[in-house]
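Here's the structure we're looking at; comments come further down.
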Amino acid sequence: MNAAESNPTPTEAESTTESATKSNFIRDIMIADIESGKHGGRIQTRFPPEPNGYLHIGHAKAICLDFGLAKEFGGKTNLRFDDTNPSKEDTEYVEAIKADVQWLGFQWDGLFYASDYFQQLYDWAVQLIKADKAYVCDLTADQTREYRGTLTEPGKDSPYRNRSVEENLDLFERMKNGEFPDGSRTLRAKIDMASSNLNFRDPVMYRILHMEHHQTGNEWCIYPMYDYAHGQSDSIEQVTHSMCTLEFDNNRPLYNWFIEQLGIFPSQQYEFDRLNLTYTIMSKRKLLKLVQDKLVNGWDDPRMPTLSGMRRRGYTPEAIRNFCASLGVSKTNGTTQLQQLEYYVREDLNKHSLRVAAVLKPLKVMLTNYPDDLVEEMDAVNNPEDASAGTRKVPFSKTLYIEQDDFREVPPPKFYRLSPGKEVRLRYGYIIKCEEVIKDADGNIVELRCTYDPETRSGGPSTRKVKATIHWVSAAHALDAEVRMYDTLFTKENPEEVEEGQDFTANLNPNSLEVLTSKVEPSLLDAVAGDRYQFERMGYFCVDPNTAPGKLVFNKTIGLKDTWAKIEQRGK
RNA sequence: UGGGGAGUCGCCAAGUGGUAAGGCAGCGGCCUUUGGAGCCGCCAUUCCUAGGUUCGAAUCCUAGCUCCCCAGCCA
């Protein structure tokens, strides 16, 4: 084990235990490029989010690839905000993205904005106009669409396509100067209206948008389109390998075209498959809708697939990194099962979480033969996976709480826990036997009367064995806690699968959040937001920021693997 | 229908002419004062289909089939 692995709160990407250097086709290309001496063997990448939403687990895959590969080959990675559309962007997103990238464990070399290059991009546009490769077009948006043609029919040349260079220069400058209203004109590349690649049918380079930009204020009222900005931004930064997702495959020829026409540094784009997860929606537009329509409680709602949501829920950066490293990088459109992510979350939490007792749904237990005022201090192991985590004392007394699910008045087959006349071990306590079931007027079980066997104290000489061990908490010593239990946000593996006329919100899981009033052991008194624990036998839980003095709030990160639940499910 | 991309176990994925890695899930068993964790074992005679080349094909050729992307003044 290396030093990073023994660090309980790993924050650096080096601590990723899974090989971050698993082979993939982009990595192979880099190795070949280094061997051939391309760009002097230099590797440089970039992570280019648009600040129009929060980062999600899909971005994590891209981040791990962009930063991971550059790091492996001693290269650099810039964080560059692709901020060419002020109508959708905001500094709130800029700040959230920076925080999330760092939380994931990565540090960028340069921090840039596509808007840093607006003047250069403008100058290059003038250069293309002078080379008769671009023109100002007065067609409306609707007309532009009509002129573009269809998948099977070529488009028609715009009537403005053959304006003189002088007129184009004059019009473009006046566009920049704000003389024309939004949507009245565009600057277009003069390529080929009959191209089978629709991106080549005289793509729009600039549109007029009289709108304040979060970085450049009111300096510009024309903004470049993605295709006109992205490749050149890569080129300006001398990015050697520019990774993006599959849907940009069709844009690569245009990416190359601008670079070639301008004669600038030849960055190369490579496309890989975007991450899709079952029971999850990855579209930023749809995630925004969930937030805006208050279908969730913000971008960091623990049910969201955002990095901020996962952080609040208790997922660790290392778990996410290991998950990403386990993923393939290919060109296949696929959907990874949620269980694969959950596996890596459990794997990491199991190694690092302190164990603690929490009774989620309390059921009172009275030990009739236990001394009224006796309180024993029992020794409990903090983490069986890590001896250095030590032990703690937990108070044991006559009145306890156990989990409602650990008692069945009529036990089904294979149910090893408590039931009338049966015995069970209390973890770090004694073996107890259920003698009597107390019910209220409505027939609800409100209390169990049990006896304990004084000879069976944990750690003592007794070798008596019972089928099951359950957790408990001393009623007089336990702390109250709010526990937020989560299930998947959607009920369907594919949330997009809806009936005619419905949208993905029709698949929202009405039971994705359940709030419990629980009892937790007293050692949790000073727990602070972000602390992660394993509630023994129940799962992993994380202290929510809503926690305040005297009011503990936990989020369920993920349950433990539950063999009994599986057996019971199978019986149904 | 034009162009581009892709089809290997339930899911992800190695493999690049020499006889189908690995992970997740699943299923058995061991162990256990967490029905947790851990450990052991099982899990593709076959690679979208059909032909062909070859001593030999997931890998080469031919013809089909299926899925994804592109008709924003979004990225």
Side-chain angles (χ1 to χ4, degrees), chain A residues 18 22-24 48-50 52 82 84-85 87-88 137 139-142 144-146 148-155 182-188 194-201 203-209 222-223 225-227 229-230 244-253 271 273 275 278 284-285 323 326-344 346-347 350-351 355 357 381 384-385 414-417 424-429 431 456 458-459 465-471 493 534-539 559-567:
Chain A
E18 192 80 15
K22 193 168 130 181
S23 175
N24 66 64
E50 182 187 14
N52 66 343
D82 224 331
T84 57
N85 186 358
S87 72
K88 293 185 175 175
C137 180
L139 253 25
T140 64
D142 284 344
T144 303
R145 188 181 322 113
E146 285 162 22
R148 186 155 34 227
T150 69
L151 293 179
T152 51
E153 297 160 326
D182 288 1
S184 60
R185 290 178 218 265
T186 58
L187 182 73
R188 294 227 257 163
S195 174
S196 54
N197 182 338
L198 270 21
N199 291 311
F200 269 32
R201 320 251 261 226
V204 172
M205 295 163 59
Y206 274 92
R207 74 283 217 185
I208 300 172
L209 247 184
I222 56 171
Y223 291 96
M225 299 288 290
Y226 166 85
D227 283 309
H230 197 90
C244 64
T245 43
L246 253 28
E247 67 272 24
F248 291 97
D249 199 300
N250 295 316
N251 299 62
R252 178 162 25 90
E271 309 85 25
D273 60 320
L275 170 67
T278 54
K284 274 201 272 184
R285 204 203 99 239
F323 167 67
S326 80
L327 260 15
V329 178
S330 70
K331 282 176 168 292
T332 328
N333 274 312
T335 302
T336 297
Q337 294 178 328
L338 226 208
Q339 293 98 299
Q340 191 164 337
L341 205 209
E342 295 180 335
Y343 169 84
Y344 287 97
R346 287 196 186 94
E347 180 194 59
N350 174 52
K351 283 187 291 195
R355 271 60 170 175
V381 174
E385 305 293 323
K414 296 264 179 79
F415 184 83
Y416 302 150
R417 281 111 92 152
V424 82
R425 170 170 283 286
L426 295 181
R427 177 107 157 132
Y428 303 127
I431 290 176
T456 58
S458 284
K465 300 272 185 197
V466 286
K467 275 282 202 179
T469 298
I470 66 173
H471 59 100
E493 279 202 5
Q534 182 194 102
F535 288 178
E536 286 206 39
R537 302 207 308 128
M538 304 310 287
L560 253 20
K561 282 209 281 187
D562 191 342
T563 305
W564 165 242
K566 193 179 281 182
I567 292 169

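Residue numbering restarts at 1 for every chain, and letters A, B, ... go by the order of the sequence lines.
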task = Name the pairing partner of B:rG38, where a pair is Watson-Crick or G-U wobble with both distances under 3.5 Å, or state none.
result =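 Partner of B:rG38: B:rC30.
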ask   = Who does B:rC55 pair with, Watson-Crick or G-U, both distances under 3.5 Å?
value = B:rG18
Answer with base, sugar-phosphate or nothing: what part of the nucleic acid does [X] contact at a heavy-atom distance below 4.0 Å?
| X | answer |
| --- | --- |
| A:Gly539 | nothing |
| A:Thr84 | sugar-phosphate |
| A:Lys284 | nothing |
| A:Arg346 | nothing |
| A:Thr336 | sugar-phosphate |
| A:Glu536 | base |
| A:Lys566 | sugar-phosphate |
| A:Arg145 | sugar-phosphate |

Any donor-acceptor pair, under 3.5 Å, between the side chain of [X] and the base of [N], if you only look at N and O atoms?
| X | N | answer |
| --- | --- | --- |
| A:Thr469 | B:rU34 | no |
| A:Arg425 | B:rU33 | yes |
| A:Glu385 | B:rG36 | yes |
| A:Glu153 | B:rU1 | no |
| A:Asn250 | B:rG3 | yes |

message = Can you see if the side chain of A:Ser330 gets near the phosphate of B:rA6 - specifically, an N or O under 4.0 Å from OP1 or OP2?
response =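 The answer is no; no side-chain N or O of A:Ser330 sits under 4.0 Å from OP1 or OP2.
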inquiry  = Should A:Tyr343 be counted as stacked on B:rG23, where stacking needs a ring-centre gap under 5.5 Å and an angle between planes under 30 degrees?
reply    =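 The ring of A:Tyr343 is not stacked on B:rG23.
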